[in-house]
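Index from 1, following the sequence. Basis for what follows: all heavy atoms, side chains included, without hydrogens, waters or symmetry-related copies.
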Amino acid sequence: DLIVANILRNVLVDHAEALVSRLRPGGSILLSGILEIDRSDIVNRYQALMGEGVVVQETKKGDWLALLFQSSTVAI
């Protein structure tokens with residue numbers, strides 16, 4: 001129902017398919033440890049896997065972000 005990963009961009013992008021494939025329909029993925037300059041890479045990758053309808057919520061502290069992806073279905 002919920003997957004949490006706190007690690008750098010390369011790992012989040014490289015393992016995106018594995019993470020999303022383990023998510024139940026309607027579940028959420030919370031990713032943190034993301035530098036603001038890497039935001040678009042992460043969002044694009046996870047939206048490509050979860051669908052354009054995915055809701056992204058963002059929390060920022062300094063240059064660091066946490067992104068919450070929520071979707072009613074998983075498109076893998």
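To the nearest 0.5 Å, atom CD of residue Gln57 and atom CG of residue Leu67 are 10.5 Å apart. Atom CG of Leu49 is separated from atom CG of Asn44 by 11.0 Å, given to the nearest 0.5 angstrom. Remark: Leu19 CG to Asp14 CG distance equals 11.0 Å, nearest 0.5 Å. We find the CZ-CZ distance between Arg39 and Arg9 to be 14.5 Å, quoted to the nearest 0.5 Å. The CD1 atom of Ile3 lies 10.5 Å from the CZ atom of Arg24; values are rounded to the nearest 0.5 Å.
The shortest distance between side-chain heavy atoms of Gln47 and Val56 falls below 4.5 Å. Under the 4.5 Å side-chain criterion, counting only non-hydrogen atoms from C-beta, Phe69 is not in contact with Val20.
Atom CG of Asn10 sits in a crowded spot, with more than 12 heavy atoms from other residues, nucleotides or ligands closer than 6.0 Å.
Leu2 and Met50 are assigned to two separate hydrophobic clusters, defined by single-linkage of ILVMFWY side chains at heavy-atom distances under 4.5 Å. Linking ILVMFWY residues whenever their side-chain heavy atoms come closer than 4.5 Å, directly or via other members, places Leu23 and Val43 in the same cluster.
For the pair Tyr46 (side chain) and Leu12 (backbone), a donor-acceptor distance under 3.5 Å is present.
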With a cut-off of 3.5 Å and sequence neighbours excluded, list every side-chain donor-acceptor pair involving residues 26-38.
{"from": "Ser32", "atom 1": "OG", "to": "Asn6", "atom 2": "OD1", "distance (Å)": "3.1"}
{"from": "Glu36", "atom 1": "OE1", "to": "Lys60", "atom 2": "NZ", "distance (Å)": "3.0"}
{"from": "Glu36", "atom 1": "OE2", "to": "Lys60", "atom 2": "NZ", "distance (Å)": "3.2"}

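Scanning for salt bridge (Lys or Arg N to Asp or Glu O under 4.0 Å) contacts around Arg45 gives an empty result, with sequence neighbours left out.
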